[in-house]
Protein chains: 2
Amino acid sequence: MSKDKILTEALSLFASRGYEGATLSELASRVGMKKASIYSHYKNKEEIFWAVIDCAYQEEIAKLSTGMKEVQHLAFRERLHNMMDQHVHFYKENDENANLWRRMTLFPPQDFKEGLKAKLLEYEQQFNEMLEQDLDRAIQSGEIREVNRDTGLAMINCILDGLFVEYSYYDDEEFNKRVEAVKVMTWRAFLPAGKEAE
Amino acid sequence: MSKDKILTEALSLFASRGYEGATLSELASRVGMKKASIYSHYKNKEEIFWAVIDCAYQEEIAKLSTGMKEVQHLAFRERLHNMMDQHVHFYKENDENANLWRRMTLFPPQDFKEGLKAKLLEYEQQFNEMLEQDLDRAIQSGEIREVNRDTGLAMINCILDGLFVEYSYYDDEEFNKRVEAVKVMTWRAFLPAGKEAE
DNA sequence: CCTACCGATCGGTAGG
DNA sequence: CCTACCGATCGGTAGG
């Protein structure tokens, strides 16, 4: 359907050029129609934007919860590393989607700033709820040191945010090295006192 | 001088709206002249852009090296924490400058992508050279564990990059909590085996 | 889904 | 440093 094709191409355009930088005439030419015809599927540019955002958001939330359920049986160290791999995998496989979030997180179009922020905090909250349970379980079983819950969450979030931006400015080889380095170091920060990383 | 005033206002505009989003007529009105008059000081928009970038870059490099020299006498743990505080301080005090770098790092205007990347890698290299010496010294003195040099650098860079983006989407109180959390956790990752964080 | 058009605004220039 | 203007392009509409 044309409506879906518009959505797909719009995602790609918003991700690479931003909201203001994406033009409806380029969108139309990618879809294979004239600019005016876009308006028989969507009311205006803003409506296209929110359709793209909603669609991308649903996709992320779904992926997040299935991804975290899959690794529930693993030890915390493996879950931690797996979580980083998952995020990295997302940057690589879903380049445009990830780039769209990066842009909308850091440089939201003035008019949509609040709406976007709400969506992002909602996402982080869902992510943190799952992570909290993970942390508590690992502390109780003695897998990791008795770290304060918010402190542990903040650390993991910060690392993921850091990798999130670094992905876009290092080449693949350099980025991979950094991911591995950060995995090792982050795990050390959670290591129980006295125990040693192998 | 008008030329400097243009530079200052242009920095502010590029930071908040990006290169394409910043218009010369708004720049002119902030400076207090007509758009056409800008062209008696600069050849075109692109020349203004590079003047802004060069100026901001010089400022950063200068601040970096004096900042790191000031804390040479401190223990590694304090240097590490101080480094994070310095960066955070920079985000807060120099909001526009920091925002310009964020934008140009992650979403450089297509035409200037390569030129900007060169500047950024140059900066990181200078930063890492200083940091390497710091790390080596701390390892030799037994202050921290025998971590691989690149691994340690990658971790610190990742944390700073993470805080860099988080600053722009949390409020002050939440952000400060996260900084403190990350300080504690990062230090733990460097702790010598067997020693305990107080 | 198209042709033909709108007013507004963009970066930039001519000429003083 | 200004007035007056240029061609190009923007998001959007009328009417079929």
Side-chain angles (χ1 to χ4, degrees), chain A residues 1-56 96 100 103-104 107-116, chain B residues 1-56 96 100 103-104 107-116:
Chain A
M1 224 174 83
S2 287
K3 195 158 180 170
D4 294 335
K5 173 92 170 148
I6 292 173
L7 214 66
T8 310
E9 296 296 336
L11 170 75
S12 163
L13 270 173
F14 285 139
S16 62
R17 309 209 200 290
Y19 180 77
E20 297 91 349
T23 70
L24 296 188
S25 35
E26 188 174 0
L27 174 58
S29 98
R30 288 198 190 187
V31 174
M33 52 171 63
K34 296 293 171 183
K35 186 181 63 168
S37 309
I38 301 267
Y39 288 88
S40 36
H41 296 97
Y42 293 93
K43 210 180 76 194
N44 53 27
K45 194 179 182 183
E46 183 171 342
E47 192 179 283
I48 300 174
F49 177 73
W50 285 114
V52 165
I53 291 291
D54 283 337
C55 171
E96 289 179 341
L100 182 68
R103 243 189 224 274
M104 294 311 147
F107 306 108
Q110 277 297 343
D111 298 344
F112 311 149
K113 203 165 182 171
E114 288 178 25
L116 283 168
Chain B
M1 225 175 85
S2 286
K3 194 157 182 173
D4 295 335
K5 174 92 169 147
I6 292 174
L7 215 66
T8 311
E9 296 297 334
L11 171 75
S12 164
L13 270 172
F14 286 138
S16 61
R17 309 210 201 289
Y19 180 76
E20 295 91 349
T23 70
L24 296 188
S25 34
E26 189 174 359
L27 175 57
S29 98
R30 288 198 189 188
V31 174
M33 52 171 64
K34 297 293 172 182
K35 186 181 64 168
S37 309
I38 302 267
Y39 288 87
S40 34
H41 295 98
Y42 293 92
K43 209 179 78 193
N44 54 25
K45 195 179 181 182
E46 184 171 341
E47 192 178 285
I48 300 174
F49 178 73
W50 285 114
V52 165
I53 291 292
D54 283 337
C55 171
E96 290 179 339
L100 181 69
R103 243 189 224 275
M104 295 310 146
F107 306 108
Q110 276 297 345
D111 298 344
F112 312 148
K113 205 165 181 170
E114 289 177 26
L116 283 167

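Chain letters run A, B, ... following the sequence lines, proteins first and then strands; every chain starts at 1.
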What integer distance in Å separates A/Glu20:CD from D/dG11:P? 10 Å

To the nearest angstrom, how far is B/Ile48 atom CD1 from C/dG12 atom C1'? 11 Å

For A/Asn44 and C/dC6, give me the distance from atom CG to atom P, rounded to whole Å. 22 Å

Kindly say whether, by distance alone, the side chain of B/Lys35 makes a donor-acceptor pair under 3.5 Å with the base of C/dG11? yes

It should be established whether A/Lys34 places a side-chain nitrogen or oxygen under 4.0 Å from OP1 or OP2 of nucleotide C/dC2. no

For the pair made of CE in B/Met33 and P in D/dT3, what is the distance, rounded to whole Å? 13 Å

Side-chain N or O of A/Ser40 versus OP1/OP2 of C/dC1: is the shortest distance under 4.0 Å? no

Need the pair for C/dG15. Rule: Watson-Crick or G-U wobble, both distances under 3.5 Å, any strand; none if unpaired. D/dC2

Shortest side-chain distance from A/Ala36, nucleotide among D/dC1, C/dC1, C/dC2: C/dC2

For the pair made of CD in B/Glu46 and C1' in C/dG11, what is the distance, rounded to whole Å? 12 Å

Both A/Lys43 and A/Glu26 contact DNA chain D. Taking the nearest nucleotide for each, which residue is further toward the 5' end? A/Glu26

If you compare every side-chain N and O of B/Ser2 against the phosphate oxygens of D/dC1 (OP1, OP2), does one of them come in below 4.0 Å? yes

Tell me whether the count of non-hydrogen atoms from other residues, nucleotides or ligands lying under 6.0 Å of CD in B/Glu20 goes above 12. yes

Counting only side-chain heavy atoms from C-beta out, which of C/dG11, D/dG11, D/dC1 sits nearest to B/Lys45? C/dG11

Nearest-Å distance for atom pair CG/P, residues A/Leu27 and D/dT9: 17 Å

Considering non-hydrogen atoms only, spot the tightest contact between A/Leu116 and A/Trp50 and give its length. N-CH2, 3.9 Å

Both conditions, 6.0 Å and 45 degrees, for the charged tip of B/Arg103 above the ring of A/Phe107: are they met here? yes

Counting heavy atoms from C-beta on, name the nucleotide in D/dT13, C/dG12, D/dC2 closest to the side chain of A/Tyr39. D/dT13

Between atom CD in A/Glu47 and atom P in D/dT13, what is the gap in whole Å? 12 Å

Applying a 4.0 Å non-hydrogen cut-off, can you work out what A/Ala22 is touching in the nucleic acid: base, sugar-phosphate, or nothing? sugar-phosphate

Consider the side chain of A/Leu24, meaning its heavy atoms from C-beta on, and name the nucleotide among D/dC1, C/dG11, D/dG11 that approaches it most closely. D/dG11

Strictly below 4.0 Å, N to O, side chains only: are A/Arg17 and A/Glu26 in salt-bridge contact? yes

Using only side-chain N and O atoms of B/Ser25, determine if any of them is under 4.0 Å from OP1 or OP2 of C/dC10. yes

Geometric class of the A/Tyr19/A/Phe14 ring pair [parallel <30°, tilted 30-60°, perpendicular >60°]: parallel

Pairing partner (Watson-Crick or G-U wobble, both distances under 3.5 angstrom) of C/dG7: D/dC10

